[in-house]
Amino acid sequence: MRKGTQLYEGKAKKVYRTDDERFFVIEYKDDATAFNGEKKGTVAGKGVVNNRMSNILFRMLESHGVETHFVEELNDRETVVKAVRIVPLEVIVRNVAAGSFSRRFGVEEGMELRRPTLEFCLKDDALGDPMINDSQILALGLADEEELRTMSAVALRVNDLLKDYFSGIGVRLIDFKIELGRYEGRIVLADEISPDTCRFWDAETNRKLDKDRFRRDLGEVEEVYREMLERVSR
Ligand code: TMP
């Protein structure tokens, strides 16, 4: 398969067409942004970590019956994926209060939630990715009822599988964001699952092992990305 022209460049990845219209190639960059692109930087090696770690997790999820866009890892930074059309929604699942949930509801970071929460945000940088509810999603035609049900069920199933998986490598899954795409009439898990899109805390010490180290200037950013890749590679 040959990599073709660039289709899209996002904040952390580029997407290329290929000579087969069923597939794209994704290239992961080291660029890091936070607060809707206001804070910019580079995390050396992040693209490699996010590419390899996402692919390991997508394979694990596929083995449990969750369809993903993953097709084939080409090299450290590039992966062939199904040419999905991304649903313009970010789906966030939380197990422990942190980040915007703690700010919005005035609850301490680290508070265990009685059950996982599910949130949707409209994927629109110009609008700052505002939260959106089911009735608004349906009213705007962003997804239909069946798709909404599927996306919610996939998000909660992915949470169960990831929570178990990470607990086996000494990591607490605090929260995460996924994106889904449409492919041959099905909803499939797309984008990435990485320290950019999840909060990971060490199970023993609660040390942050994710992009919050970049967002909050906590230092040792490259180190924790590398450590997370080492843990999932064992
Ligand atoms: P939040 O607490 O800032 O709303 O973030 C919740 C989760 O979503 C956290 O794991 C980080 C992830 N996330 C993204 O992947 N992309 C984003 O643009 C934002 C704001 C959060």
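Read the numbers this way: they start at 1 and go in the same order the structure lists the ligands and their atoms. The first residue of the sequence shown is numbered 1, and numbering continues consecutively from there. Side chains included, hydrogens not; waters and symmetry mates left out as well; all remaining heavy atoms used.
- In terms of heavy atoms, Met151 sits closest to Ala143 at CE-CB, 3.8 Å.
- At a 4.0 Å cut-off, at least one heavy atom of Arg94 sits close enough to ligand 1 to count as contact.
- With respect to Lys46, the salt bridge (Lys or Arg N to Asp or Glu O under 4.0 Å) criterion is satisfied by exactly one of Asp196, Asp76, Asp31: Asp196.
- Comment: Arg172 engages Glu112 in a salt bridge, judged by a side-chain N to carboxylate O separation of less than 4.0 angstrom.
- Ligand 1 places these atoms under 4.0 Å from at least one heavy atom of Phe176: 10 (O).
- The ring of Phe166 has its center closer than 6.0 angstrom to the ring center of Phe200.
- Under a 4.0 Å heavy-atom criterion, Arg215 is in contact with ligand 1.
- Of the protein's heavy atoms, Lys177 CE, 3.7 Å lies nearest to atom 16 (N) of ligand 1.
- Residue-ligand proximity, Gly99 to ligand 1, at heavy-atom distances under 4.0 Å covers atoms 2 (O).
- A salt bridge does not link Arg213 with Glu223: every distance from a Lys NZ or Arg NE/NH1/NH2 to an Asp or Glu carboxylate oxygen is 4.0 Å or more.
- Qualifying side chain to side chain donor-acceptor pair (under 3.5 Å) partners for Tyr165, counting only residues two or more places apart in sequence or in other chains: none.
- Near Cys198, meaning under 4.0 Å from any of its heavy atoms, are these atoms of ligand 1: 10 (O).
- Residue contact check for ligand 1: Asp196 places a non-hydrogen atom closer than 4.0 Å to it.
- Per-atom contact check: atom 11 (C) of ligand 1 touches the protein, criterion being a heavy-atom distance below 4.0 Å.
- A cation-pi geometry, defined here as NZ or CZ lying under 6.0 Å from the six-membered ring centre and within 45° of its normal, holds between Lys39 and Phe214.
- With hydrogens left out, the protein atom closest to atom 5 (O) of ligand 1 is Arg199 NH1, 3.5 Å, a heavy atom.
- Relative orientation of the His69 and Phe58 rings is perpendicular, given thresholds of 30° and 60° on the angle between their planes.
- Remark: minimum distance from atom 1 (P) of ligand 1 to any protein heavy atom is reached at Ser100 OG, 3.3 Å.
- Looking only at protein heavy atoms, the nearest one to atom 7 (C) of ligand 1 is Asp175 OD1, 3.7 Å.
- Residues Lys11 and Asp125 are paired through a salt bridge, judged by an N-O separation under 4.0 Å between the basic side chain and the carboxylate.
- Listed by number with element, the atoms of ligand 1 under 4.0 angstrom from any heavy atom of Thr197 are 10 (O), 12 (C), 15 (O).
- Annotation: atom 19 (C) of ligand 1 to nearest protein heavy atom, Glu90 OE1, 4.7 Å.
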